There are 2 protein chains.
Amino acid sequence: MATQIEETLKRIQTSDGVIGFVIVNNAGIPIKSNMDDAMSVRYAGLVQQLIVTSQVAIKKDDQNDKLTYLRLRTKNNEILVIPDKHYTMVVIQKPTGSRSPM
Amino acid sequence: MATQIEETLKRIQTSDGVIGFVIVNNAGIPIKSNMDDAMSVRYAGLVQQLIVTSQVAIKKDDQNDKLTYLRLRTKNNEILVIPDKHYTMVVIQKPTGSRSPM
C-alpha cells in the first residue's frame, strides 16, 4: 500500500480513543488490521452488509448520490465506516461527547 | 405523542440545514413526518433495514451492546437515525463540516 496510506494508518492508531482498525477489500476480506483475525473478520462482515444496504437505499432515492461515510454509535463503541473505490476503512473507537447527536 | 416530543420536533424542524424528519414505529410505518408520503415511506424502509442489520451485527459482537444512533453521510445529504424503544427518529439534513470524519 502507498506510503500515504501507511502514514494515515499510523496517525489513526495513535489517535485518542481508537481501539482498532480494519481495511476491507471489495470482496469483504480484511487486508490490513491491528486487531486479531476473529475480530477483523467480524467487522469486515458487519461493514459489507451495512454498505450494501445503505448504497441500495441511497441510490433508490437518488441515482447520483453516494455513501461518503457511516457512523455507528453503540452503547460501548463508535464504528466509523469510510468506503472508497477499492477498499473500505473501518475504525473502532471509544465514544466521545454526549449520547445524543441532536 | 407527548408535549416533550412535539417540542423536540419543533426544535429540529427549525434547525439550520434540516430538510425533513420522519418518526417510524417498530412495524416500519411512518407515524409522523413533514415530508410527502412517498419520501416518508422510502426513508422508513431504509431505516428499518439499516437498524436490523446493525443490531444483529452489534449483538453478535457483544450481547449487551446496543445501537444508540447511526449517521449516514452521502454526497448530498446526512441522515441521522436515532432508534428508541417504540419509535425511530429519522432526520435528513444538508451536510455540514468537512467531507472526512477523521
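A note on names: the letters A, B, ... follow the listed sequences, proteins ahead of strands, and every chain is numbered from 1. Everything quoted here is computed from the prediction, not taken from an experiment.
Residue B/Ile79 holds its CD1 atom at 5.5 Å from CD1 of A/Ile58, rounded to the nearest 0.5 Å. In this structure, OG in B/Ser54 is found 7.0 Å from CG in A/Leu70, a value given to the nearest 0.5 Å. Rounding to the nearest 0.5 Å places CZ of B/Arg71 at 10.5 Å from CG of A/Leu80.
In this structure, the side chain of B/Lys75 engages the main chain of A/Asn64 through a donor-acceptor pair within 3.5 Å.
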List the steps and the verdict of side-chain contact (heavy atoms from CB on, under 4.5 Å) for B/Leu46 and A/Thr53. CA-CA 8 Å; B/Leu46 153 66; A/Thr53 310; 5.6 Å; no

Step by step, work out the side-chain contact (heavy atoms from CB on, under 4.5 Å) result for A/Asp62 and B/Thr74. CA-CA 10 Å; A/Asp62 175 355; B/Thr74 75; over 6 Å; no

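Cluster annotation: B/Val41 is not connected to B/Ile31 through the hydrophobic network of ILVMFWY side chains, with a link wherever side-chain heavy atoms come within less than 4.5 Å.
Residue contact with chain A, scored on non-hydrogen atoms closer than 4.5 Å, involves the side chain of B/Met39 exclusively. With a threshold of 4.5 angstrom between heavy atoms, A/Leu72 approaches chain B through its backbone and through its side chain.
Few gaps surround CG on B/Asp36; more than 12 heavy atoms of other groups in view lie less than 6.0 Å from it. More than 12 heavy-atom neighbours from other residues, nucleotides or ligands sit within 6.0 angstrom of NZ on A/Lys59.
In terms of the side-chain contact (heavy atoms from CB on, under 4.5 Å) criterion, residue partners of A/Ala27 (sequence neighbours excluded) are, by chain and number, A/Asn25, A/Ile29.
The two atoms that bring B/Asn76 and A/Asp65 nearest to each other are N-OD1, 3.1 Å, heavy atoms only.
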